[in-house]
Asks: 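My questions all concern the structure below.
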Amino acid sequence: MMISRVLVADLPRHVGGSVRIAGWVHRRRRLKSVTFLVIRDRSGLAQVVLAEPGGPPEETVVEVEGLVTANPQAPGGLELTGPSIGLLSEPAEPPPFDLYRPTVQATLPTVLDNAAVALRHPRLKEAFTIAAASVAGFRSALDGLGFTETQTPKIVSSATESGANVFGIDYFGKRAFLAQSPQFYKQALTGVFERVYEVGPVFRAEPHDTARHLAQYTSLDAELGFIDGHHDVMAVLREAIAGMAAAVPETGVVVPEEIPELHFTEAQELIARLSGEDPRGEPDLAPAHERLLSDWGLREHGSDFLFVTGYPMAKRPFYTHPDPARPEYSNSFDLLFRGLELVTGGQRLHRHADYVAALAARGEPAEAYRDYLSVFAHGMPPHGGFALGLERWTARLLGLPNVRQATLFPRDLHRLTP
């Protein structure tokens, strides 16, 4: 009778019994009179002892039946002896680099060019296990706060962010675009569900060739209605980030109960004082300034996270709500995490007349946003939201220097395959 497959992680419960495992030959060590095979499945590694030289080459998919035997020197303290090995695929060709070595012995281009095989390396796969758990934590946190998960179109008729670069496509003979954000849809859906979130791809045709930019990435978006201001949004973001961190305790990241906060003008004053530069008058923070501010937040508050609020309206999208006390500044924020902008968010306009005025002030025709604006003519609550880049989050968690190391099959200025 066929023995049911047992995962490697469950072998300790079967010591002294016969089992069947299945996976890939992670490593083959052929000695003079014996061969050791290390089998890899989704749960871990197990050693198999062959009484004679031989065995299939590395990365061949096999099933192994054998006796689970205690051996303190074997990986996990166990091994399979007296095995019977069956091939589940043809003998594998050699991988682009040795996947059994503890560290990755390949350059980033080699890893990316051969991603489907290279990602089998346990160290490389770890980033995506962390990412998956983080998304689960995000969903759990927002579900607990009464949010509804939504899925919105990624093919749209107009650009979401005025002035930003978009990917144009031919849509049955019509001009269309890949969505830069679910922004317009998630705002509209606050009029349906009050609180919504989405996890999905977004597309940015920005010609940046840096270690922090991608042409396609995964955005964790949320929007909520009936707020008093952007601090309500920041409070929800803190809970979402805490949920993500709790889902990956092995990373050691701690989200403080209150994330420290600086107004944009205070941040610029601090930069001038600490760096000798004078960024006052600039509408945004440079990457070097984000790193400096993050270092200050860690040093002064013991926090890997820092809110910067009140960015100038000139730098924010037209739907951003201005600060009533200082209209040249916005009710918006960025969340910095270990030296990098991780999240952008804020309060949105919610009155139809304010949208018409905001577009006119920027010299943009309201007709181009007719469908979007019509939502606000039918009654919308004060609302706001945020967007978080999953790949940036994962890269920062694991200390990866390039966001592509936390991206499955990255798309950037130069890469369209594999």
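Counting from 1, the numbers follow the sequence of the chain as shown.
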Asks: Taking Pro279's backbone N and O only, do any of them form a donor-acceptor pair with Gln268's side chain (distance below 3.5 Å, no angle check)?
Replies: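 Answer holds: yes.
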
Asks: Go through Thr265 and His263 one step at a time and tell me if the side-chain hydrogen bond (donor to acceptor under 3.5 Å, both in side chains) criterion holds.
Replies: CA-CA 5 Å; Thr265 54; His263 190 272; 2.9 Å; yes

Asks: Please examine the side chains of Ser181 and Arg204, heavy atoms only from C-beta on, and report whether any two atoms are closer than 4.5 Å.
Replies: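 SC-SC contact between Arg204 and Ser181 confirmed.
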
Asks: For the backbone of Glu290 and the side chain of Ser294, can you confirm whether one donor and one acceptor N or O come within less than 3.5 Å of each other?
Replies: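 Checking the backbone N and O of Glu290 against the side chain of Ser294, a donor-acceptor pair under 3.5 Å is found.
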
Asks: Any chance you could lay out the side-chain contact (heavy atoms from CB on, under 4.5 Å) test for Leu189 and Thr148, step after step, and finish with the verdict?
Replies: CA-CA 10 Å; Leu189 290 173; Thr148 298; over 6 Å; no

Asks: Please answer whether the main-chain N or O of His230 pairs with a side-chain N or O of Asn331 as donor and acceptor at a distance below 3.5 Å.
Replies: no

Asks: Minimum heavy-atom separation for Phe318 and Ala358, please, with both atom names.
Replies: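 Phe318 and Ala358 have their closest heavy atoms at O-CB, 3.7 Å.
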
Asks: Decide side-chain contact (heavy atoms from CB on, under 4.5 Å) for Leu388 and Met244; before the verdict, give the C-alpha distance in whole Å, the side-chain angles of both, and the deciding distance to 0.1 Å.
Replies: CA-CA 11 Å; Leu388 183 159; Met244 296 171 72; 4.0 Å; yes

Asks: Any side-chain heavy-atom pair from Arg338 and Leu340 closer than 4.5 angstrom?
Replies: no

Asks: Do other residues, nucleotides or ligands put more than 12 heavy atoms under 6.0 Å from the CD atom of Glu328?
Replies: yes

Asks: Quick one: CG on Leu178 to CD1 on Ile155, what's the gap to the nearest 0.5 Å?
Replies: 7.0 Å

Asks: Just do the side-chain contact (heavy atoms from CB on, under 4.5 Å) check on Ile227 and Val236 with the steps written out, would you?
Replies: CA-CA 11 Å; Ile227 64 172; Val236 168; over 6 Å; no

Asks: Does a side-chain N-to-carboxylate-O contact under 4.0 Å join Arg27 and Glu58?
Replies: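 No salt bridge links Arg27 with Glu58.
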
Asks: Report yes or no: does Asp98 contribute a side-chain atom to a donor-acceptor pair with the main-chain N or O of Tyr100 at less than 3.5 Å?
Replies: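 Checked: no pair found.
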
Asks: Dump the intermediate steps for side-chain hydrogen bond (donor to acceptor under 3.5 Å, both in side chains) on Glu277 and His289, then the final yes or no.
Replies: CA-CA 10 Å; Glu277 302 176 39; His289 297 156; 3.1 Å; yes

Asks: Assess the residue pair Asp412 and His213 against the criterion (side-chain contact (heavy atoms from CB on, under 4.5 Å)); give the C-alpha distance rounded to whole Å, side-chain angles, the decisive distance to 0.1 Å, and a yes or no.
Replies: CA-CA 7 Å; Asp412 56 27; His213 286 97; over 6 Å; no

Asks: Minimum heavy-atom separation for Tyr171 to Ala176, with atom names?
Replies: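 So the minimum-distance heavy-atom pair works out to CB-CB, 3.6 Å.
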
Asks: Return yes if some donor-acceptor pair links the side-chain N/O of Arg5 with the main-chain N/O of Ala22 below 3.5 Å, else return no.
Replies: yes

Asks: Looking only at heavy atoms, which two atoms of Phe264 and Val308 are closest? And how far apart?
Replies: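 Closest approach of Phe264 to Val308, heavy atoms only: CA-CG1, 4.0 Å.
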
Asks: Between atom CZ of Arg120 and atom CG of Asn114, what is the distance when rounded to the nearest 0.5 Å?
Replies: 11.0 Å

Asks: Does Phe138 have any ring-ring contact (aromatic ring centres under 6.0 Å, His included) partners at least two apart in sequence or in another chain, and if so, which?
Replies: Tyr197

Asks: Tell me if the CD atom of Glu258 is crowded by more than 12 foreign heavy atoms within 6.0 Å.
Replies: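 Counting other residues, nucleotides and ligands, CD of Glu258 stays at 12 neighbours or fewer.
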
Asks: I'd like to check Ile21 versus Leu11 (side-chain heavy atoms, cut-off strictly below 4.5 Å). Are they in contact?
Replies: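 Side chain of Ile21 against side chain of Leu11, heavy atoms only: contact under 4.5 Å found.
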
Asks: If you measure from the Lys or Arg side-chain nitrogens to the Asp or Glu carboxylate oxygens, is any gap between Glu59 and Arg40 under 4.0 Å?
Replies: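 Salt bridge: yes.
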
Asks: Please find out if less than 6.0 Å separates the ring center of Tyr369 from that of Tyr355.
Replies: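 No, too far apart.
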
Asks: Glu198 pairs by salt bridge (charged side-chain N to carboxylate O under 4.0 Å, His left out) with which of Lys186, Lys154, Arg139?
Replies: Lys154

Asks: Any sub-3.5 Å donor-acceptor pair from His121's side-chain atoms to Arg123's backbone N or O?
Replies: yes

Asks: Would you check if Val156 and Val166 make a side-chain contact, meaning some heavy-atom pair closer than 4.5 Å?
Replies: no

Asks: How far does CD of Gln187 sit from NE2 of His383, to the nearest 0.5 angstrom?
Replies: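 Those atoms lie 3.5 Å apart.
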
Asks: Looking only at heavy atoms, what is the nearest atom pair of Ala70 and Val15, with distance?
Replies: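 That would be N-CG1, 4.5 Å.
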
Asks: Name all pairs fulfilling the side-chain hydrogen bond (donor to acceptor under 3.5 Å, both in side chains) condition that reach into residues 125-137, sequence neighbours left out, sorted by first residue then second.
Replies: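 Sorted pair list: Ser134-Trp393.
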
Asks: Any donor-acceptor pair under 3.5 Å linking the side chain of Asp143 with the backbone of Gly146?
Replies: no

Asks: Is there a side-chain contact between Ile241 and Val253 in this structure, where contact means two heavy atoms from C-beta onward sitting under 4.5 Å apart?
Replies: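 The answer is no, as the side chains (C-beta and beyond) never meet within the 4.5 Å cut-off.
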
Asks: Output, in order, the C-alpha distance, side-chain angles, deciding distance and verdict of salt bridge (charged side-chain N to carboxylate O under 4.0 Å, His left out) for Asp209 and Arg415.
Replies: CA-CA 11 Å; Asp209 189 16; Arg415 186 171 290 277; over 6 Å; no

Asks: As an exercise, state the distance from CG of Leu390 to OG of Ser219, rounded to the nearest 0.5 Å.
Replies: 9.5 Å

Asks: If you take all heavy atoms of Ala205 and Asn165, which pair is closest and at what distance?
Replies: O-CB, 2.8 Å

Asks: Tell me whether the count of non-hydrogen atoms from other residues, nucleotides or ligands lying under 6.0 Å of CZ in Arg175 goes above 12.
Replies: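 Yes, because the 6.0 Å sphere around CZ of Arg175 holds more than 12 heavy atoms from other groups.
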
Asks: Side-chain contact test, heavy atoms from C-beta onward, threshold under 4.5 Å: evaluate it for Leu99 versus Val117 and give yes or no.
Replies: yes

Asks: When you check the gap from the basic side-chain N to the acidic O, do Arg411 and Glu391 get nearer than 4.0 Å?
Replies: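 Salt bridge absent between Arg411 and Glu391.
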
Asks: If you round to the nearest 0.5 Å, how far is CG of Leu214 from CD of Glu206?
Replies: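 Nearest 0.5 Å value for the CD-CG distance: 11.0 Å.
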
Asks: Do the side chains of Gln405 and Val111 get nearer than 4.5 Å, heavy atoms only?
Replies: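 With C-beta onward as the side chain, the pair stays apart.
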
Asks: Assess whether a salt bridge exists between Asp354 and Arg348, defined as any Lys/Arg side-chain N lying under 4.0 Å from an Asp/Glu carboxylate O.
Replies: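 No salt bridge links Asp354 with Arg348.
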
Asks: Test your reading of the model: is there a side-chain donor-acceptor pair from Arg212 to the backbone of Arg392, 3.5 Å cut-off?
Replies: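 Between the backbone of Arg392 and the side chain of Arg212 there is no qualifying donor-acceptor contact (under 3.5 Å).
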
Asks: Quick check for you: to the nearest 0.5 Å, what is the distance between Glu149 atom CD and Phe193 atom CZ?
Replies: 11.5 Å

Asks: Distance-only, no hydrogens or angles: does the Ser43 side chain make a donor-acceptor pair with backbone N or O of Val8 under 3.5 Å?
Replies: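 Yes: the side chain of Ser43 pairs with the backbone of Val8.
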
Asks: Contact between Thr309 and Met234 at the side-chain level, heavy atoms closer than 4.5 Å - yes or no?
Replies: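 They are in contact (side-chain heavy atoms under 4.5 Å apart), so the answer is yes.
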
Asks: Can you see which heavy atom on Tyr185 is nearest to which on Thr152, and at what distance?
Replies: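 The answer is CB-CG2, 3.5 Å.
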
Asks: Please confirm whether the backbone N or O of Leu145 pairs with a side-chain atom of Arg195, one donor and one acceptor, at under 3.5 Å?
Replies: yes

